[in-house]
Amino acid sequence: MIPKNRSGFVRILEATVACIMIILVFSYLIMSQNFNYNSSLEFIGYNALYSAHIEESDFENISSLYKKIELPSNVGYGFEIYKNGELIYSNSEEGVVVERNFVFENNSSVNFYKLRLILWWR
């Protein structure tokens, strides 16, 4: 004899198996995403470089660059500074590189600076 409430038990079992399969499919889809944390560092770096008002005197006084470039506390950073194509300062480690070029014109000369901001997660 087949119990009458067997069809209810089968429905509950089917629903449970379906829920487990859905959870496994969505877990796989989430875990297979390629999260690129370096792109967020690039965004943070470009935002910091282009929002800072940097003057030519800041390249001579490195501590003022550290004050003007505001980054979150969980991001470490260093600089490479080039003046007219020559490296004049470097304290960087390996990380994501974001650069910005500057041109300053004086009465007698034009100076080209390249500021490379190197970022890493702390």
Under a 4.5 Å cut-off applied to non-hydrogen side-chain atoms, are [X] and [Y] in contact?
X    : Y    : result
V103 : N111 : no
I81  : L65  : yes
L117 : E99  : no
L115 : I69  : yes
S51  : Y46  : no
N101 : Y113 : no
V110 : F104 : no

Answer yes if [X] and [Y] sit in the same cluster of Ile, Leu, Val, Met, Phe, Trp and Tyr residues linked by side chain heavy atoms under 4.5 Å apart, and no otherwise.
X    : Y    : value
I118 : L87  : no
Y50  : F79  : yes
V98  : W120 : no
L119 : V97  : no

> Within the distance-only criterion (no hydrogens, no angle test), does the side chain of D58 pair as donor or acceptor with the backbone N or O of S64 below 3.5 angstrom?
Replying inline: no
>> Given 3.5 Å as the limit, does a donor-acceptor pair link the side chain of K68 with the main chain of H53, or not?
In response: yes
Interatomic spacing from [atom1] in [X] to [atom2] in [Y] - rounded to 0.5 Å:
X   : Y   : atom1 : atom2 : result
L24 : M31 : CG    : CE    : 12.5 Å
N47 : E70 : CG    : CD    : 10.5 Å
I88 : E60 : CD1   : CD    : 6.0 Å
S27 : I20 : OG    : CD1   : 11.5 Å

>> Which residues end up grouped with F43 if you chain together Ile, Leu, Val, Met, Phe, Trp and Tyr wherever their side-chain heavy atoms are less than 4.5 Å apart?
In response: none
> Judged by modelled atom types alone, do N61 and S63 share a side-chain donor-acceptor pair under 3.5 Å?
Replying inline: yes
> What residue pairs, at least two apart or across chains, pass side chain to side chain donor-acceptor pair (under 3.5 Å) with a residue in residues 72-81?
Replying inline: E80-Y82, E80-S92, E80-R116
> So which heavy atom on G78 is nearest to which on Y66, and how close?
Replying inline: CA-OH, 4.4 Å
>> Is it the case that the ring center of F112 lies less than 6.0 angstrom away from the ring center of F102?
In response: no
